[in-house]
Student: 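Pasting in a structure now, in C-alpha cells, and then I'll have a few things to ask.
Lettering of chains follows the sequences in order, A, B, ..., and the numbering in each one begins at 1. All heavy atoms count here, side chains included; hydrogens, waters and symmetry mates do not.
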Amino acid sequence: MAETVVFARPQALAPVPTHYCPGCTHGVIHRLVAEVVDELGLAHRTVGIAPVGCSVLAYNYFSTDFQEAAHGRAPAVATGVKRARPDLIVFAYQGDGDLASIGMAEIVHCANRGEKITVVFVNNAIYGMTGGQMAPTTLPGQVTTTCPLGRDVSQVGYPIRVAELLATLRTPAFVARAAVHTPLHAVTAKEMLRRAFRYQAEGTCFSLVEVLSTCPTNWGMPPVEATEWVEKNMVPYYPLGVFKTPDGLDRAPRPAPATEG
Amino acid sequence: MPQILIDRDLCKGCELCVNACPQKILALGQEINAKGYFFASVVEQKRCIGCRLCCITCPDVAIQMRVSGTMYHYFAY
Amino acid sequence: MAKKLMKGCEAIGEAAIKAGCKLFFGYPITPQNEIPEYMAHRLPQVGGTFVQAESEVAASNMIYGAAGSGERVFTSSSSPGISLMQEGISYIAGSELPVVIVNIMRAGPGLGGILPSQSDYFQATKGGGHGDYRLLVLAPWSVQEAADLMQDAFDLADYYRNPVMVLGDGLIGQMMEPVEFKAERTPCKPLPPKAWVATGCSGDRPTNIINSLFLDPEVLERHNQKLKAKYDLMVRDEVRCASYGTDRPYEVLVVAYGTVARVCSTALDDLREDGVGAALFRPITLFPFPYAELRAAAENARAVLVVELSTGQMIEDVRLALEGSRPIHFLGRQGGMLISPEAVSERVSAISAGLPEEVRHG
C-alpha cells in the first residue's frame, strides 16, 4: 500500500536542528510561518528579517533569503527591503524585547506608514537570549532577573499590549494576537499568520501577528507547565483575537464621557 | 493506519507531545539521543488515531506522520 | 549639460539620481534639510522612492535593508543624526553593504549649533561605531566637487561593498554655486553584478544571508581580516588629494580640507603678493588619508600650518604623516565661527617670520 506523508517539515523551514531550549515554542511559530509561506507559494520571493534575541539565528532556520537586523530595527530594515523591492514578500520576526522595548518607535512608525510587510511578534514576557530579564511585556508580579521581587507596576508601569496599541493607529492594517501553547491554539495562530501573509501578498496593508510564546528556561518551569502558565496568566492579560482589519474605520478611541466634580 | 515517526536526534525531550497526545501513547524513553536528551517514542503505535496533535505541538518538527491503507480526510491544518 | 546654479544639498541629491540611485531614507536636521526635501520632490519624478524615517537610527537601518536588496541607496544627515546612525553604519560595514552616507557637518558637541563645522573628522575617519571597520570618506570643497564625489561614492561603495561617506562642512550644503552634470559618465570603478543580494531564491542558488553575526571567533577573525584587506586596498588605490602653489618655493605648507581649504587658497594669493611663500595641501579622501603625499609636500617647507573648523582633529593625522619632521602649527575656529583668509595669511606670515613657537597639540 502506498504510504502518504500527512505531516512533515515544510520546505521553507531548513532541515536543521535549532538552538532553542527544549519546549520553547519559537520552534512551533517558525514552522507555522514556514508552512504558510509554502502554502501561499511565496518562498521563492520571501525575505525574512531576523531580530536580535533568541530568534537571532532565524536566518539559519528558514530556507529563504534573510537579513539580520540590529536590535529593534527589523521593521526599519524590512521597510528598506520592501521599498527597494515591492515585489518581494518581507516578514520581520521579532521578540518582545526587540519589538516593544528598543524597537518600539520602529514598529509604531512602520505600522503607521502602512508598510506592506508582515511582522511575526513573539511575546514570551521576558528577555530570553540574555538570560531572563524583565521585558516590556513581563506581567505584573512576574519575577525576572531584573525584577527579582516581581514586576512592580508602581515603579516600572504595566506590561504593554502591543496588538491593542497598534490597533489604535488610523492607517489600515491587520493586527491580531494568537498563541501556540496548545495544538488548537497553534492551528488558530496559523490561520492568523495565513491572513497576515495573504494581506501582504495582495498588497493590501501592514500586518502583524503577536504570538504568545513560552520560555521554560527563564520562567524556570518545565515546558508543559509553561504552556499552562500561558493559559492561566498570559491569555487573560493578552486576550487573543483580531484587533484590527484593513477596513479603514477611523477607530479613534472616544474620549471618556465628562464626569462632574 | 497512521504511523508516527519521531526523529530521535531532533527531539529535545520537552514532553509537549506526550502531554498533547489524546491517546496517551507517547512517552520519553530510557535512551538518550546524540545531544543527551531522553527522546520521545511511541508506546503503542496501533492505538494512534492519526490526529497529528503531537506533530503540531512539537517545537522541533521531530515528528512526522505517514498513513498507509484507507485514509479518511484530514482536516485542513 | 549646461551649468546650473544649485544649492549644495540639492546638487548632492541630483548627483545621487544621476548615479542611478532611486532610494533615499532620511530625517530632517539642519543644515541638510534640503537633501530630503529635494529627494522627496525629485525621486517620484524618476520612479524612485523617498521615505522619511522616524529617526536617523531607523534611517540607517532602512538603507541597510535596501542595500541588502541590491539597490543603490543613500541617506544624509548632520552631525547629531550621524551619531545616531553609528550603530547602523557598523552593521552596514560588518555586513559588507554598499551605501552612501552624506554628513553636512554642524557645530557640536551635543546639540551644538547649526552653523558649519569640521568637528566630526574623528567620528568619520576613526570610526564612530564599534568594531574594526572604516568608512571611505570623501571631503568636497565646492558644490561641483560635492556632486562629482557623490557620483563616485556610489561606484566606490558598490566596488568595495562598504559604506562611503561624503563629508561636507555646513557651507557645502548651504551655499549655491554653478554645477554641471556630464551627460555621459563612466563609473570610477568596475561594477560586477551583485550575486550576494537577498532577493528571494527559488532553489537556483543557496540562500543569501545579509548578516554581521559570527559567533565562532575563528570565523569572525577571518571576516575581520577580509574587511581589513578591503581597507588596505582603499589605502593603496583610493587616496585623493590636491596641492596648490607647490610649483613655486614655499616656506609654509598649509594643510586644510573642504571649504576651509578654499579660504586658505585665497590667503595664498594675498601672501604671494606680500612675498611670503606658502603652499596648500588638501586631502580629498580623509580615509584613506594621504600620508605619503603630505610628507612629500612638506619636504620643501620649513613649517606646516593645519587649519580646521574644530579644536584640531585632522592635525593628528598630519602629525602621523610628518612624524616630527616639521613643526606643526594650528589655526582653528569652532562653534560655527568661520576662518577668514586674513586670519590664515596673518598666521602664515607670523610663522614664516619665525615668531610663534610650534603648537604642542593633543
Side-chain angles (χ1 to χ4, degrees), chain A residues 11-12 14 19 37 41-53 56-90 92 102-115 117 129, chain C residues 21-25 27 43 47-73 75 84-92 94-95 97 99 129-130 196-215:
Chain A
Q11 273 292 325
H19 75 290
V37 165
L42 303 172
H44 65 286
R45 62 188 176 102
T46 293
V47 176
I49 313 293
V52 168
V56 64
L57 297 179
Y59 57 79
N60 287 331
Y61 303 141
F62 287 90
S63 59
T64 63
D65 279 355
F66 249 78
Q67 294 207 37
E68 172 60 47
H71 194 30
R73 315 310 172 195
V77 174
T79 299
V81 177
K82 192 71 179 186
R83 295 291 184 134
R85 289 286 302 273
D87 56 312
L88 295 180
I89 297 296
V90 184
I102 189 169
M104 181 61 92
E106 275 68 21
I107 190 61
V108 168
H109 285 280
C110 183
N112 198 56
R113 284 191 303 270
E115 302 293 344
I117 66 158
M129 170 66 81
Chain C
C21 173
K22 294 222 173 345
L23 290 162
F24 176 86
F25 303 86
Y27 191 80
L43 276 179
T49 301
F50 164 83
V51 176
Q52 179 169 313
E54 56 269 29
S55 70
E56 292 91 344
V57 175
S60 69
N61 285 278
M62 290 178 185
I63 60 173
Y64 179 106
S69 315
E71 302 298 324
R72 282 196 155 177
V73 60
T75 186
L84 287 175
M85 292 188 178
Q86 291 307 313
E87 183 199 37
I89 291 171
S90 173
Y91 274 69
I92 287 165
S95 308
L97 291 173
V99 300
H130 59 286
W196 46 268
V197 293
T199 50
C201 65
S202 43
D204 50 351
R205 60 163 168 75
T207 57
N208 282 339
I209 297 173
I210 308 295
N211 165 53
S212 59
L213 175 70
F214 301 94
L215 288 171

Student: What distance do T207(C) atom OG1 and Y59(A) atom OH have between them, rounded to the nearest 0.5 Å?
Tutor: 11.0 Å

Student: Heavy-atom distances under 4.5 Å only: say whether T199(C) touches chain A with side chain, backbone, both or neither.
Tutor: both

Student: So what's closer than 4.5 Å to chain C heavy atoms on L57(A): side chain, backbone, both or neither?
Tutor: side chain

Student: Would the distance check show the side chain of Y64(C) and the main-chain N or O of G80(A) forming a donor-acceptor pair, the cut-off being under 3.5 Å?
Tutor: no

Student: Pick from I63(C), V57(C), V197(C): which one has the most heavy-atom pairs with chain A under 4.5 Å?
Tutor: V57(C)

Student: Among I209(C), N211(C), I210(C), N208(C), whose side chain to side chain contact (heavy atoms under 4.5 Å, CB included) with Q67(A) holds?
Tutor: I210(C)

Student: Only pairs of heavy atoms separated by less than 4.5 Å count here; which of T79(A), N112(A), V77(A) has the most with chain C?
Tutor: V77(A)

Student: Spell out the residues in residues 102-111 of chain A that have some non-hydrogen atom less than 4.5 Å away from a non-hydrogen atom of chain C, in order of number; otherwise answer 'none'.
Tutor: A105(A), E106(A), H109(A)

Student: I need the minimum non-hydrogen distance between N61(C) and A70(A), along with the two atoms involved.
Tutor: OD1-CB, 3.7 Å

Student: Using every non-hydrogen atom in the two residues, find where A76(A) and M62(C) come nearest and quote the distance to one decimal.
Tutor: O-CG, 3.2 Å

Student: So for R205(C), is it side chain, backbone, both, or neither that comes closer than 4.5 Å to the heavy atoms of chain A?
Tutor: side chain

Student: In terms of heavy-atom proximity below 4.5 Å to chain C, should A69(A) be classed as side chain, backbone, both, or neither?
Tutor: backbone

Student: Under a 4.5 Å heavy-atom cutoff, which of D65(A), T46(A), T64(A) has the most pairs with chain C?
Tutor: D65(A)

Student: Select all residues of residues 81-88 of chain A having any heavy atom within less than 4.5 Å of some heavy atom of chain C, and report them by number, or 'none'.
Tutor: V81(A), R83(A), A84(A), R85(A), L88(A)

Student: Is chain A contacted by the side chain of S90(C), its backbone, both, or neither, given a heavy-atom distance below 4.5 Å?
Tutor: neither

